[in-house]
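The block underneath contains the structure these notes are about, expressed in structure tokens.
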Amino acid sequence: MQVARECLGKVIVHGSTAGRIVEVEAYLGLDDLAAHSSRGITERTRVIFGPPGHAYVYFIYGMYDCLNFVTEQDRTPGALLIRALEPLSGLAVMQRRRPKARRLEDFASGPGKLTLALGITRKLNGANLVESPITVRRLRDEPPIEIAEGPRIGITKCADLPLRFWIAGNRFVSR
DNA sequence: CAATAGATCATCT
DNA sequence: GATGATCTATTGC
């Protein structure tokens with residue numbers, strides 16, 4: 001939850017494409033029934049229980065990959081779902097990967113969209129976020145931001161917890 | 001504009 | 001065998 005606030009405004013770089021994190025959701029682990037990790041360690045949730053600073057990428061609805069950051073210490077489950085990015089570079093590449101997006105706001109304004117735009121797949125599951133193909137960096141001149149919070153989206157359990165965070169007023173946040 | 005259906009499959013019961 | 005941390009196209013007002 002603290003990590004969620006720290007990650008907003010940071011930049012994800014993958015290949016020639018990069019985007020600024022403008023919306024995230026926290027998934028806390030054992031007590032959070034909406035979290036994949038709430039039912040313990042399985043083949044899929046293994047990395048959520050691992051050390052922080054790694055990527056958890058999972059496949060959903062038979063069609064989309066979603067990107068998370070592992071946030072808690074080793075043995076403690078916790079993840080941050082990246083929900084929306086503001087495209088910064090590699091726009092032509094993103095457009096090719098997302099032919100249906102007509103406006104810049106449609107490139108990465110959702111969990112499934114951003115993985116397509118950046119070319120992120122399950123091959124990056126478990127990857128270190130510092131020295132792997134995918135990295136997270138701080139913006140050179142980080143502008144001050146106002147953080148808004150509210151209930152998470154697209155879940156049926158624990159849907160009322162205010163664990164969704166976004167940059168107030170940013171137009172690349174999902175609906 | 002809002003509501004709904006369809007696509008499509010890994011994971012878990 | 002059902003479900004799901006989604007997106008898009010289509011239908012209906």
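Each chain gets a letter, A, B and so on, in the order its sequence line appears, and its residues count up from 1.
Using Watson-Crick or G-U wobble geometry with both donor-acceptor distances under 3.5 Å, dT11(C) finds its partner in dA2(B). Across every strand in view, dA7(B) sits in a pair with dT6(C) that passes the Watson-Crick or G-U test at under 3.5 angstrom.
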Given the rule in the salt bridge (charged side-chain N to carboxylate O under 4.0 Å, His left out) test, do E25(A) and R152(A) qualify, once you have shown the distances and angles that lead to the verdict? CA-CA 7 Å; E25(A) 282 180 5; R152(A) 292 175 293 186; 5.2 Å; no

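Comparing I155(A) and D106(A), the nucleotide of DNA chain C nearest to each residue sits closer to the 5' end for I155(A). Residues R122(A) and R39(A) both approach DNA chain B. Their nearest nucleotides, taken by heavy-atom distance, put R122(A) toward the 5′ side.
Side chain of Y64(A), nearest nucleotide from dA10(B), dA7(B), dC7(C): dC7(C). Nearest to the side chain of K100(A), among dC12(B), dG4(C), dA9(C), sits dA9(C). Of the candidates dT8(C), dC12(B), dT6(C), dT8(C) carries the atom nearest the R98(A) side chain, counting heavy atoms from C-beta on. Set against dC12(B), dC7(C), dA5(C), the side chain of Y58(A) has dA5(C) as its closest nucleotide.
Distance CG (L28(A)) to C1' (dA5(C)): 13 Å, rounded to an integer number of Å. Spacing between atom CD1 of I60(A) and atom C1' of dA7(B) amounts to 14 Å, rounded to whole angstrom units. Between the CD1 atom of I120(A) and the C1' atom of dT6(C) there is a distance of 16 Å, given to the nearest Å. For K113(A) and dC7(C), the NZ to P distance is 6 Å, given to the nearest whole Å. For the pair F59(A) CZ and dT8(B) C1', the interatomic distance rounds to 7 Å; values are reported in whole Å. To the nearest angstrom, C1' of dA5(C) lies 12 Å from CD of E23(A). In this structure, the CZ atom of R102(A) is 14 Å from the C1' atom of dA9(C), given to the nearest Å. We find that CD1 of I153(A) is positioned 10 Å from P of dC7(C), with the value rounded to whole Å.
Using a 4.0 Å heavy-atom criterion, one finds that G112(A) contacts the sugar-phosphate atoms exclusively. Looking at heavy-atom distances under 4.0 Å, R83(A) makes contact with sugar-phosphate atoms alone, never a base. Within the 4.0 angstrom heavy-atom criterion, base atoms lie near L81(A).
One finds a side-chain N or O of T156(A) lying less than 4.0 angstrom from the OP1 or OP2 phosphate oxygen of dG4(C). For dT11(B), neither phosphate oxygen OP1 nor OP2 lies less than 4.0 angstrom from any side-chain nitrogen or oxygen of H36(A). Distances shown here put every side-chain N or O of R164(A) at or beyond 4.0 Å from the OP1 or OP2 atom of dA5(C).
Ring centroids of H36(A) and Y27(A) are separated by 6.0 Å or more, keeping the two rings apart.
Look at Y27(A) and the base of dA5(C); the rings stack, centres closer than 5.5 Å and planes less than 30° apart.
Looking at E105(A) and R175(A), no side-chain N of the basic residue comes within less than 4.0 Å of a carboxylate O on the acidic one, giving no salt bridge.
From K10(A), atom NZ reaches atom CD1 of I82(A) across 11.0 Å, with rounding to the nearest 0.5 Å.
L85(A) places a side-chain heavy atom less than 4.5 Å from the side chain of I12(A).
In D31(A), the CG atom is not crowded: 12 or fewer heavy atoms of neighbouring residues, nucleotides or ligands sit closer than 6.0 Å.
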